[in-house]
Number of protein chains: 2
Amino acid sequence: MSLTSRSDQHALFSQFALVADALAHCHRLSLLELLAQGERRVEVLAGFLGISIASTSQHLQKLKRAGLVVDRPVGRQRLYRLSGNQVASLVLALEKVAETSLASVEKLVGEQIRSRDVEPPIRAAELRALIEREPVVLLDVRPAEEYLAGHLPGALHLPWERLRHEPPTWPADSMIVVYCRGPYCFLALEALQALHRQGYRVRRLEDGVPEWRRLGFPVEEDARGVA
Amino acid sequence: MSLTSRSDQHALFSQFALVADALAHCHRLSLLELLAQGERRVEVLAGFLGISIASTSQHLQKLKRAGLVVDRPVGRQRLYRLSGNQVASLVLALEKVAETSLASVEKLVGEQIRSRDVEPPIRAAELRALIEREPVVLLDVRPAEEYLAGHLPGALHLPWERLRHEPPTWPADSMIVVYCRGPYCFLALEALQALHRQGYRVRRLEDGVPEWRRLGFPVEEDARGVA
DNA sequence: CCAATCTTCAACTGTTATATTTAATGATAG
DNA sequence: CTATCATTAAATATAACAGTTGAAGATTGG
């Protein structure tokens, strides 16, 4: 009986290891970050990652075998999405542990992210309070599909690709909060720096829509505010 | 600039993947479960896993490189421990996701664990409430070192190895709650079944001491109650 | 039904990794 | 200096990985 216990535990933990193994590749982590924003097709995901469609499909299937994503056929294409909200939380937990206990990550994050924030990023809860106190321009710089799949209430949509070429003209004293996919997405950082150079008062929201949702805050899914 | 962003993201996510990779082996998950109970020496850990000391040492170093464990020399031996409480939480989150989204895990857990619970296991918060209402015999069936490193307040220590050979003699109507390392540790299940066969009213606490601690509940670190 | 589109599969390359054991080496305490 | 405990090295065996290209499946629109 104690013998079966040991092998049972072995079998169980091997399954857990399978899930961890699915997380153990930078492209698959990128895929999960993208899918946390909403459903996407294989071809589009391949485009974001800059690798072949076949390779992307194989990564997706590894994630699927680990139960982290599910797919459904729509027309002649196939849409992938996270199998649940806990998946996005798991990835965030992984990244948080890496950041606090791996010096190399701490260094990378410091160099690439913290040094580019003109002031410390704002967290979801703080933002909710800030909105009550003063008018804030909320800026979503993700691609259109992700904005449409859900964005912060009242957020304007100005994807980084457009913002980059057509600088906005708001009243100079506007308070702007810009956000993208999450704490490790670089889109908001680019926008932040561009707007800062133009003299705007601008801060970055550290969290993305998935985390905002997880906290139980309201999300808008229509297209109001598209620039 | 957008080019550096992509390679920066790549570098960052590769580091995250390194942490996931450290989690991706059943022996290393077992090690983390053991270390979540407290500091341990390499030789002892090897004994629990049933593998060689050298192999155990190598697994520990992979965990160390990923920042999940730290070590300190004590005399001529070396004690390993988790690098922080978030590590145990991360492992639990991983296991939870696996359980809810992998059918094979769901099946294993159902067969090996849920079917052996005579009634649904109790959670930490419920147990706290239960203790207020009626007298409960709290039973810690982990090895002595783990009990000494921290146990539930007032818990008796009766390791499974002893319980197995010397059945206890309590008043027959005692309410007993037995616990071990966590939701996927088999020690408490063995004890549960043994006590149930002897006619006791007995339930299993699903959480272990690490989770109990995480919830901010008090933990006893002295040796009161050793049988 | 045919042709176009999107995805998966199969085959292949090249590279790299893994876990494990035994034995040697290091380090520390007594 | 010796006994103890841990790390490292060497070696083996096994296998896995990611990525590409090109063919095969599946589904829709005409």
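Letters A, B, ... mirror the listed sequences (proteins, then strands); counts begin at 1. Quick note: numbers below take in every heavy atom, side chains included, and nothing from hydrogens, waters or symmetry partners.
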So is A/R28 actually on top of A/Y80's ring, under 6.0 Å and inside 45° of the axis? no
Write down the distance between CD1 (A/I53) and C1' (D/dT21), rounded to a whole number of angstrom. 13 Å
Atom CZ of B/R41 and atom C1' of C/dA29: how far apart are they, to the nearest Å? 14 Å
Under-4.0 Å side-chain N/O to phosphate OP1/OP2 contact, B/Y80 with D/dT7: yes
Rounded to the Å, how far apart are A/L45 CG and C/dC6 P? 14 Å
Verify the distance criterion only: is there a donor paired with an acceptor across the side chains of A/D140 and A/Y179 at less than 3.5 Å? yes
NA contact type, A/Q61, heavy-atom cut-off 4.0 Å: base, sugar-phosphate, or nothing? sugar-phosphate
Could you check whether B/E39 pairs with B/R72 (Lys NZ or Arg NE/NH1/NH2 to Asp/Glu carboxylate O, under 4.0 Å)? yes
Rounded to whole Å, please give me the gap between CG in B/L60 and P in D/dA6. 10 Å
Can you see whether A/F48 has A/R181 sitting over its ring - NZ or CZ less than 6.0 Å from the centre and within 45° of the normal? yes
Short side-chain N/O contact from B/R28 to OP1 or OP2 of C/dA19, under 4.0 Å: yes
Would you mind telling me which residue lines up with the more 5' stretch of DNA chain D, A/A54 or B/A54, judged by nearest nucleotide? B/A54
Among C/dT21, D/dT21, C/dC6, the one nearest any side-chain atom of B/S55 is C/dT21
Considering only side-chain heavy atoms of A/R78, which listed nucleotide, D/dG29, C/dT7, D/dA9, is closest? C/dT7
Measure from the side chain of B/R76, starting at C-beta and using heavy atoms only, and say which of D/dA18, C/dA29, D/dT7 lies closest. C/dA29
Between CD1 of A/I51 and P of D/dT21 the distance, given in whole Å, is 13 Å
Quick check on DNA chain D: between A/V74 and A/K62, whose nearest nucleotide comes earlier from the 5' end? A/K62
If you assign each of A/Q58 and A/L79 to its closest nucleotide in DNA chain C, which residue comes earlier from the 5' end? A/L79
Nearest whole Å is fine: how far is D/dT20 P from A/L49 CG? 11 Å
Please confirm whether the shortest side-chain N or O distance from A/H27 to OP1 or OP2 of D/dG19 is below 4.0 Å. yes
Rounding to an integer number of Å, can you tell me how far B/Q77 CD sits from C/dT28 C1'? 11 Å
Flag yes if more than 12 heavy atoms outside B/H196 fall under 6.0 Å of its NE2 atom; otherwise flag no. no
Of the nucleotides C/dA19, C/dT22, C/dT7, which one has an atom closest to the side chain of B/S52? C/dT22
When we call it a touch if two heavy atoms are under 4.0 Å apart, what does B/K64 touch: a base, just sugar-phosphate, or nothing? nothing
Rounded to whole Å, the CG-P distance (B/L31 to C/dA19) equals 12 Å
